[in-house]
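Below: one structure, written as structure tokens.
To find a chain, count down the sequence lines: A is the first, B the second, and so on, and within it residues start at 1.
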Protein chains: 2
Amino acid sequence: MSSTSSCLVTKLSHYVSLSQADCARLATLEKAERTFDAGHEVYQGGDENKDLYVVKHGWAFSYTDLPDGRRQIVKIHHPGDIIGFPDVALKHATTTLRTVEDVCLCPFPKSSLDEILRESPKLSALLLSIALRDQVVLIDVLRAMGRMSAQERVSYMLLDLISRLRITNPGMTDTIRLPMTQSQIADYLGLTNVYISKTFIRMEEDGYIHRDQNRLQILREDAMIELTDFHDRYADMDTSWFPQD
Amino acid sequence: MSSTSSCLVTKLSHYVSLSQADCARLATLEKAERTFDAGHEVYQGGDENKDLYVVKHGWAFSYTDLPDGRRQIVKIHHPGDIIGFPDVALKHATTTLRTVEDVCLCPFPKSSLDEILRESPKLSALLLSIALRDQVVLIDVLRAMGRMSAQERVSYMLLDLISRLRITNPGMTDTIRLPMTQSQIADYLGLTNVYISKTFIRMEEDGYIHRDQNRLQILREDAMIELTDFHDRYADMDTSWFPQD
DNA sequence: ACCATGCTTCCAACTGGATTGAATTCCGCC
DNA sequence: GGCGGAATTCAATCCAGTTGGAAGCATGGT
């Protein structure tokens, strides 16, 4: 991540070559920046949502609570991600945003999208594609939650994480830093912290993974792909139908 | 549904007033039409996806299977819906489409989107908003699957269905036609047909619903909204930031 | 060095929903 | 009106994951 090219540009130009003008348009989105401590709540579900955020560094996640306290983490955000995109369709934020660790975010007003849609059909197509691709990913998560066992869900989550991280870090091997607590993982996968613990231990015994501090090594990626019928939705998008500039 | 205004136009102009030109653009999407028998498989996951479909009448659903046969229904389609939208981002269809009953669909090539993005910023914004709104809905489903009991999930599903149907049928009261089998409902909610049966019976005993043939009356909508902390994502979209024509 | 705090692991009892198979009802169709 | 296949219901049993509590481990702050 050099200082001249932002995470966002890195991520987006992975899919399609962007004109100078489009790069400039994106760069303005990352002008401002704010930092937050670990565990900080950036905004709450129900707040009026005027801003989107680009993640510069650090992990964060969006979640919703049921009135009785049950919690569902809905999306884990990494550097280069756009946070709050789905809420653009509505007047109020539907989820709460919390940082996992110390984080740097670049807020930009949702009205910036207006300009993009008016001036750059190509960037519009890319934004639309990303929104649609994220739907496919949510559908994959849904499938995992609806029909998979605990071990399958954990495997799916790890495969998904590593696929996403590989886009912005092409040098990545089989080891990821996993700064989330087991309770957070449980809230993401619809399980309990106790059972996540048990499942991790079993997977380590069975040689699927190896853990050391908060680093996690995936030892049998192929077996896990087979187990979960995993498809990488990040590597290949179809940009063939995009309007040319 | 008069012959001059399509379901799609009805649905979309619920959110924003469309110019003549935009209406015409949408109308061309519904030029062709094909009918399918109940239970027919229209396309399969993995197929190359060149077409999208607008539903003219009848219900259908999209689903994925795991290799061992477990099934997850991912989305239920009603008249006016655009089918296959998420797959636009990818080269191949990620789900299989099956009809619930006799259905009439209007196929149109995904390259039609190119024209919309180039020529109508407003329609582009609307398509983007719908994609994003659908993400929010998927997130709601995810929350239900991850953290809700069987009865809560069934309640959520019924509330979601009736909210969606009310958009195109403003005259709707508290009774809906539910042509899906209990096995299909189970595959949608991540449960089993047996437990769906039991849950329906309990909910009828407890006075939440009343069933008669395949018609279902919602007796205590408020209680069910409270139970599931339900939010209608269909009634209010934020169109304030849209580009004007 | 010490405590405070938050995370992970362990244990044992419990339960919501799964599973299986058989019985029944429903419904379209000849 | 009666037949056949699908959908639903019923009953018995089982199990993956929950619950709550307590014990171990890190980590950092003072």
Is [X] touching bases, backbone alone, or none of the nucleic acid, heavy atoms closer than 4.0 Å?
X      : result
B/G39  : nothing
B/R153 : nothing
A/Q213 : sugar-phosphate

Measure from the side-chain heavy atoms of [X] and tell me the nearest of [options].
X      : options               : result
B/A150 : D/dT8, D/dG17, C/dG17 : C/dG17
A/Y195 : D/dA7, D/dG17, D/dT9  : D/dG17
B/T192 : C/dT19, C/dT9, D/dT9  : C/dT19
B/K198 : C/dC10, C/dA18, D/dA7 : C/dA18
B/S149 : C/dG17, C/dT8, D/dT9  : C/dG17

Does [X] make a side-chain N or O approach to OP1 or OP2 of [N] shorter than 4.0 Å?
X      : N      : value
B/R147 : D/dG17 : no
A/R70  : D/dT18 : no
B/S197 : D/dT8  : no
A/Q182 : C/dT9  : yes

Only residue of B/V88, B/D87, B/L29 satisfying side chain to side chain contact (heavy atoms under 4.5 Å, CB included) with B/L52 is B/V88
Do A/R147 and B/D187 sit within salt-bridge range, that is, some charged N less than 4.0 Å from a carboxylate O? yes
B/E101 CD - D/dA6 C1' separation (whole Å): 17 Å
